[in-house]
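Notes follow once the structure below has been shown.
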Amino acid sequence: MSEGRALMTEREREILSGEADVKDNYRYKVESQVRSRITKRLEADVEVLSEHYPEMFQSLQGLICEDSE
């Protein structure tokens, strides 16, 4: 059984990685949906984690910032 999604569904990962053969219009739609999650929803999730679950926030921050160092 699947654990669910984090930011993207398995199908969205397939589409955005180029593994799935879909029409350009559909790929653009998926890109837009993921972009919307990042810009609109992720910020609220991060705020809750940083305020109420600092260990989870630090874990998330470590994953995101790992490649930028």
Could you tell me which non-hydrogen atom of Met8 sits nearest to which non-hydrogen atom of Arg13, and how far apart they are?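 Minimum heavy-atom separation between Met8 and Arg13: O-NH2, 2.9 Å.
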Please tell me if the side chains of Val34 and Arg37 come closer than 4.5 Å, counting only heavy atoms from C-beta onward.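 Yes; the side chains approach each other to less than 4.5 Å.
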Review item, side-chain donor-acceptor pairs of residues 41-60, under 3.5 Å, at least two apart:
residue : atom : partner : partner atom : Å
Ser50   : OG   : Val46   : O            : 3.3
Ser50   : OG   : Glu47   : O            : 3.0

Return the set of residues passing side-chain contact (heavy atoms from CB on, under 4.5 Å) with Val22 (not counting sequence neighbours), or none when no residue passes.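 Per chain and number, Val22 pairs via side-chain contact (heavy atoms from CB on, under 4.5 Å) with Arg11, Ile15, Ala20, Tyr26, Arg27.
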